Amino acid sequence: MQTDKPHQRKGSFLSSMKAVLWSFFGVRKRADYESDAASLNPVHVIVAGLIGVAIFIGLIMLAVSFAVA
């Protein structure tokens with residue numbers, strides 16, 4: 001009897017964060033994208049994306065507050 005375990009992905013949270021931040025700029029190579037898709041943990045990518053969006057919104061709000069002041 002064989003037990004099916006879900007495939008464990010070995011990508012760290014730091015590598016997920018790096019991939020998400022580079023994808024915000026849109027400068028990822030196709031080979032890098034394919035290796036990330038095969039190795040990164042989807043939960044890490046979602047959390048890293050939410051953190052990236054929060055940082056992006058914070059930077060925009062900071063820029064607007066400087067522009068208005």
Side-chain angles (χ1 to χ4, degrees):
M1 187 166 155
Q2 197 176 34
T3 60
D4 292 331
K5 287 185 176 179
H7 177 66
Q8 292 290 329
R9 297 182 183 218
K10 298 177 183 174
S12 68
F13 182 75
L14 184 60
S15 60
S16 297
M17 193 69 188
K18 183 174 120 180
V20 167
L21 290 177
W22 278 115
S23 68
F24 276 2
F25 293 109
V27 292
R28 301 286 293 165
K29 293 181 183 176
R30 183 170 182 90
D32 291 339
Y33 168 76
E34 290 173 355
S35 69
D36 287 344
S39 66
L40 294 180
N41 185 343
V43 175
H44 288 172
V45 173
I46 291 170
V47 172
L50 292 173
I51 291 171
V53 167
I55 291 171
F56 181 71
I57 290 172
L59 289 174
I60 289 177
M61 289 175 62
L62 185 66
V64 168
S65 69
F66 279 131
V68 172

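Because the structure is predicted, anything quoted here is derived from the model rather than measured.
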| query | In the single-linkage hydrophobic clustering (I, L, V, M, F, W, Y; side-chain heavy atoms under 4.5 Å), do I57 and V20 co-cluster? | reply | yes
| field | Heavy-atom closest contact (S16 atom, H44 atom, distance) | value | OG-CB, 3.3 Å
| Should V53 and M61 be counted in the same cluster of Ile, Leu, Val, Met, Phe, Trp and Tyr side chains packed under 4.5 Å apart? | yes
| request: Would you mind reporting whether I51 and F13 have side-chain heavy atoms less than 4.5 Å apart? | output: yes
| Cluster link V43 to L14, ILVMFWY, side chain under 4.5 Å | no
| task | Nearest 0.5 Å please: distance from the CG atom of N41 over to the OG atom of S15. | result | 9.5 Å
| message | Under 4.5 Å between side-chain heavy atoms, counting indirect links through other Ile/Leu/Val/Met/Phe/Trp/Tyr residues: same cluster for I55 and F66 or not? | response | no
| field | Flag if over 12 foreign heavy atoms under 6.0 Å of CZ, F56 | value | no
| query | Is there a path from F24 to L40 through hydrophobic residues (I, L, V, M, F, W, Y) whose side chains come within less than 4.5 Å of each other? | reply | yes
